[in-house]
Each structure stands twice: as C-alpha cells, then as structure tokens.
Amino acid sequence: MKSVYRELQDRGFVYQETDAGSIEKLLNTGSVTFYVGFDPTGSSLHVGHLLPIMAMRLLQRAGHVPIALVGGATAQIGDPSGRVSARPILTKEEVAANARALKAQLARFISLDSGQAHFVDNADWLCRINYLDFLREIGSRFSVNKMLAQDSVKSRLEDGLTFLEFNYSILQAYDFVVLNRDYGCQMQFGGQDQWGNMVAGVELARKMGREGVECLTFPLLLDSAGKKFGKTAGGHNVWLDVNRTPVFEYYQFWRNCDDAALAKLLCYFTALPVEEIRRLTDGNKDARELNRAKEILAYEATALAHGEAAAREAFLTAGGKFGFADPEGTIATSSAVAAIDVKTAREEALPTVELPAADFAGEGMWIAKLMVAAGLCPSTSEARRLIQGGGAYLNDQRVADVALNVKAGDFSGGELLLKAGKKQIKRVKLQ
RNA sequence: GGUGGGGUUCCCGAGUGGCUAAAGGGGGCAGACUGUAAAUCUGCUGGUUGUACCUUCGGUGGUUCGAAUCCACCCCCCACCA
C-alpha cells in the first residue's frame with residue numbers, strides 16, 4: 001500500500017513544502033488534522049479551485065481530517081497575493097451566503113460529517129480581536145522588513161498596497177495558530193501563491209511554541225496559453241454550479257483538454273490509479289487512445305462534481321453528437337465509463353432553452369436574436385458577426401444569410417438545434 | 001504638504017481638434033486543416049428592431065460647427081522631495 005504522501009507526490013500535488021521529511025512522517029503516522037483556506041468571494045467554486053479540493057479528498061480518504069476554512073473575515077480585507085489591484089470589499093451578508101454555497105459544493109468532494117471534517121469561518125475569531133492585544137501578542141512577532149521582502153507584497157509595492165491588505169498575511173498566519181490551538185491542526189495546504197502567507201503561519205506558530213506544524217503548496221495550473229487553468233469559452237470560468245455551467249458544458253470542458261495536459265489532469269482530477277493513467281497516456285498514443293483517455297477524464301471529473309448519472313448522460317450526449325472514441329470497449333480501464341452501453345446514446349441532455357411558440361409565428365424571429373435568446377451569444381452584434389463569419393448552424397446547416405428569420409416551420413417536433421461554432425450547442429424547444 | 005509624470009476599448013499600449021468605434025500587440029471567438037487536441041493560416045473582435053443611428057477614452061462642467069485630443073475644477077495612481 002502506497003503512502004498518502006507518496007500518492008500526493010506521484011500525482012503531482014507537491015510543489016513547495018516546509019520540510020519533506022517531517023511532512024512525510026507526519027502524514028504517514030496517524031491521523032493529521034490539516035486545513036485549506038477558501039475565499040468566500042464568489043457564490044460558486046470553479047474548476048480553478050478544484051486542485052486543493054482533490055488533495056483534501058485524497059488526504060481524507062487516507063484517514064486525515066480536513067478543515068475547510070472560510071475566510072469570512074479575511075475576505076473583508078482581500079488577499080493581495082497574486083493580485084494586481086485591491087479586491088472589492090464584500091458585505092458580511094454576501095460573505096455568509098457565499099460560505100453556505102461553498103459548503104454545499106465542497107460536500108460533493110469530501111465528507112463533511114462530524115469527526116471527519118470541520119468547516120470553520122475565521123470571522124468567528126478574527127472579528128473578536130482587540131487591536132491593541134493583537135498588536136502586542138501577534139504583531140510583535142512579525143518583522144516588517146521580512147514582510148516587505150515577500151514576493152506578493154513586493155510586486156504590489158510599486159503600484160500601491162494599502163495597510164489593510166498588508167495585514168492580510170498576519171491574519172492568515174494567526175488563523176493557523178488558532179486552528180492549531182483549537183483543533184490540533186498541524187498542516188496547511190494551499191496554492192502556490194499562498195506560500196508566503198502559509199510560511200508566515202508556520203513561523204508564527206513555531207514562535208509561539210507550537211511544535212510539529214508544517215505546510216505544503218500545490219502547483220499552479222496553467223493552460224497551454226500560460227493562463228490560469230479553468231477558464232474557457234470566452235475566458236469564462238467553468239463553474240461547479242449547474243446554473244452557471246450546465247453539466248454537458250462541464251463535461252465538454254474536460255473532454256476538450258490539451259493533449260499535453262491529459263496525464264496531469266487525470267492524476268489531479270480523477271481517482272484512477274497512477275499506474276493506469278500512465279498506461280492510458282504514456283508513449284505514442286494514437287488519436288483513438290488519446291480521445292478515450294479524454295472521455296475517461298471528462299466522465300470521472302464530471303461524476304465527482306455532478307454524480308455518476310449526470311456524467312453518464314453527458315458522456316452519451318457528447319458521444320451521440322461527436323462520436324465515441326472506443327465504442328467496443330477495447331481499451332482497459334477501471335473507470336465506470338467502460339460499463340456504459342454506448343448504444344443508448346442520445347441527444348436529450350443537450351443544454352436546452354425553451355422559448356414561447358408565439359415568437360416564431362408569422363414573420364418569425366431574427367436568427368441573431370435567437371442566438372442571443374438561446375444564450376449562445378452575448379449580443380446581437382456578436383451573433384451577426386458570428387453568422388457572417390460562417391460560425392452559426394441551424395439544425396446542423398450553416399446559416400448563410402444574416403437576415404434569416406427562424407419560423408415555426410424550422411422546428412421539427414417542436415425542437416431545433418442551434419450551434420455557435422462546432423462545439424457550443426443549444427437545443428431550442430417550443431413552449 | 002510641495003514638484004513632476006500619468007489615468008484610452010477585456011489586458012498592454014499608440015493617439016495632442018475633424019480622415020477615430022479609436023494604430024499595434026496580447027487574449028478571445030469563428031473559418032480552413034484535424035482527432036470535439038495542439039500548431040499553422042485567414043477573418044472578426046462597443047451596442048442597437050438588422051448599416052444607420054447610439055454610447056465609449058478617470059469624473060463634472062466649459063470652449064468649438066466639431067473634443068480621447070483645448071480650458072477649469074475634482075477624483076485616483078506613480079516618482080522624487082518634505
């Protein structure tokens with residue numbers, strides 16, 4: 001049985017760590033309570049947040065206890081790390097609502113049952129702080145010289161950093177001390193950009209006589225263009241909230257990943273054994289093998305976020321539309337996707353919009369308007385450009401005429417298929 | 001507090017009275033080629049009842065037939081000095 005630490009390493013989760021030896025020992029002996037911080041600055045998580053969550057999942061399954069910390073207090077300040085400018089300050093109500101949403105989404109990946117995990121909000125202790133006491137007890141242990149040397153601070157020094165933001169890392173460091181004191185938390189995990197803040201926490205804890213505390217960061221995921229991973233379709237985030245990113249689109253996000261990133265993504269975002277991932281992706285794979293591996297990635301990642309049933313449906317829908325990579329099931333895999341009978345493929349699960357039948361009576365509806373109504377284009381101007389560029393399809397036929405009006409007769413069985421480009425598909429249903 | 005330099009479209013950045021919805025690059029989208037990939041080439045890249053109109057160059061007023069460009073005041077950022 002491979003140790004969790006080795007598993008984390010093999011899967012590429014380890015980027016920086018305070019002390020590899022100590023951490024390995026810590027994680028391999030007994031149950032360790034660890035924490036990962038989340039900013040409740042949005043009402044939904046997106047794919048970019050997933051890496052730490054997958055690590056939490058892995059660690060929890062190995063018997064460790066995660067603490068998901070919501071930065072209810074620190075979100076009111078804004079972390080300057082990796083930020084060009086100050087964040088907008090949220091109201092307390094917004095933060096509370098976001099924290100609730102976060103908890104619900106987290107519950108799909110890790111068990112939040114009592115004893116197996118904790119869900120805490122740093123507002124619970126940070127809001128009670130007395131300024132003078134805090135300065136004396138905590139502030140006295142920080143060196144401004146050292147803080148100024150921190151990358152995240154240094155880069156902001158040129159174009160301005162407020163005192164408010166400057167305090168962020170002190171508060172985050174204090175979080176670690178509180179969690180260590182109250183929950184016996186010994187480790188912090190986080191993104192690469194959190195290194196400075198995390199080390200500050202470890203240092204503070206040690207200065208305050210708390211032993212055996214460590215931290216470890218995950219690598220920053222970049223796409224082929226060198227941008228933060230998890231954005232697609234016009235630079236939009238891929239959300240875990242189905243109201244923002246339908247399951248089919250979520251599936252497609254993974255299905256359309258870069259060849260070069262495939263093995264890495266399988267390691268991070270699925271639970272398949274590393275050995276199997278290697279077998280699926282190593283060496284010179286042909287198109288069929290690569291595409292099968294992408295199907296597996298998409299299925300597994302979607303199943304984690306939205307459940308097996310939804311993933312299965314997305315797989316069948318996508319396959320029905322674009323074809324299946326391995327319909328005979330000749331490529332061995334432990335993924336449940338192998339058990340799906342591709343003959344049941346259908347297009348029912350395509351993202352659907354319902355529009356009133358009256359819109360299509362008589363003269364009908366201008367195609368550009370329809371594209372907007374279907375959510376395929378943000379504006380009629382953009383829709384018009386798309387059509388002129390030959391990127392719009394009505395029932396799989398390229399729309400040649402910008403002035404085309406869609407009438408009731410274009411629907412068959414009360415439905416019609418609308419595409420923006422080859423991959424963005426919407427089914428329009430008459431109401 | 002003083003002096004100087006700045007704030008331009010998603011981002012960087014040109015533009016110092018009309019030819020400017022605003023150069024160039026990045027990003028994004030689409031087309032071709034492919035494997036629902038990458039790379040490459042080509043086109044597009046403010047909005048709108050659909051090509052003529054509307055809105056945009058930190059904010060508010062003003063000069064002018066006409067302002068991103070000139071003037072006044074204000075806000076914000078940077079550098080140096082205190």
Side-chain angles (χ1 to χ4, degrees), chain A residues 83-86 88 155-162 165 222-238 248-266 280-281 284-299 302 314-327 331 342 345 347 350-351 359 362-373 375-393 396-406 418-425:
Chain A
R83 270 295 179 133
V84 188
S85 53
S155 61
R156 282 289 300 282
L157 239 33
E158 293 228 328
D159 40 39
L161 177 75
T162 61
E165 293 174 279
L222 298 173
D223 62 19
S224 59
K227 309 230 308 187
K228 267 194 184 171
F229 173 79
K231 301 209 178 209
T232 194
H236 301 304
N237 285 319
V238 178
F248 179 71
E249 280 170 36
Y250 189 85
Y251 177 94
Q252 285 292 292
F253 165 76
W254 297 101
R255 177 59 255 258
N256 285 316
C257 78
D258 289 359
D259 285 6
L262 183 54
K264 217 165 66 174
L265 297 182
L266 280 162
L280 287 168
T281 57
N284 282 329
K285 296 296 186 197
D286 60 28
R288 188 182 68 101
E289 292 167 311
L290 283 172
N291 282 329
R292 180 57 166 172
K294 288 187 187 186
E295 283 179 358
I296 292 168
L297 168 67
Y299 174 83
T302 306
F315 167 73
L316 289 171
T317 305
K321 201 70 218 148
F322 300 106
F324 293 96
D326 183 27
I331 297 168
V342 301
E347 294 179 8
L350 286 174
D359 288 358
E363 280 302 292
M365 188 184 206
W366 183 30
I367 180 75
K369 284 257 171 205
L370 178 57
M371 302 287 290
V372 175
L376 288 168
C377 295
S379 68
T380 56
S381 294
E382 197 147 309
R384 194 188 315 136
R385 271 183 241 118
L386 181 78
I387 296 162
Q388 280 164 344
Y393 303 80
D396 286 316
Q397 291 254 306
R398 181 173 286 175
V399 178
D401 179 13
V402 204
L404 178 78
N405 273 3
V406 179
L418 213 53
K419 296 208 279 184
K422 298 264 158 64
K423 285 177 261 178
Q424 256 194 289
I425 307 173

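Proteins come first, then strands; the chains are lettered A, B, ... in the order of their sequence lines, and each starts at number 1.
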Donor-acceptor pairs under 3.5 Å, side chain of residues 378-387 of chain A to any protein atom, not counting sequence neighbours: which ones?
from      : atom 1 : to        : atom 2 : distance (Å)
Ser379(A) : OG     : Glu382(A) : N      : 3.1

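Among the protein residues, Ser381(A) comes within range of the nucleic acid bases, having at least one heavy atom under 4.0 Å from a base atom. Residue contacts for Tyr393(A): at a heavy-atom cut-off of 4.0 Å it reaches the sugar-phosphate backbone alone, with no base atom in range.
For the P atoms, the distance linking G5(B) with G18(B) amounts to 24 Å, nearest Å. Annotation: G25(B) and G31(B) have their C1' atoms spaced 22 Å apart (nearest Å).
Position along RNA chain B of the nearest nucleotide to Gly323(A) versus Glu382(A) favours Gly323(A) as the more 5'-ward residue.
Pairing of G27(B), defined by two Watson-Crick or G-U wobble distances under 3.5 Å, is identified with U45(B). Of the nucleotides present, none pairs with U69(B) by Watson-Crick or G-U wobble criteria with both distances under 3.5 Å. For A21(B), there is no paired nucleotide, since no Watson-Crick or G-U wobble pair has both relevant distances below 3.5 Å. U3(B) and A79(B) make up a base pair, with Watson-Crick or G-U wobble contacts both under 3.5 Å.
Put simply, the side chain of Asp259(A) and the base of G35(B) share a donor and an acceptor less than 3.5 Å apart.
Within the 4.0 Å cut-off from OP1 or OP2 of G47(B), at least one side-chain nitrogen or oxygen of Ser379(A) is found.
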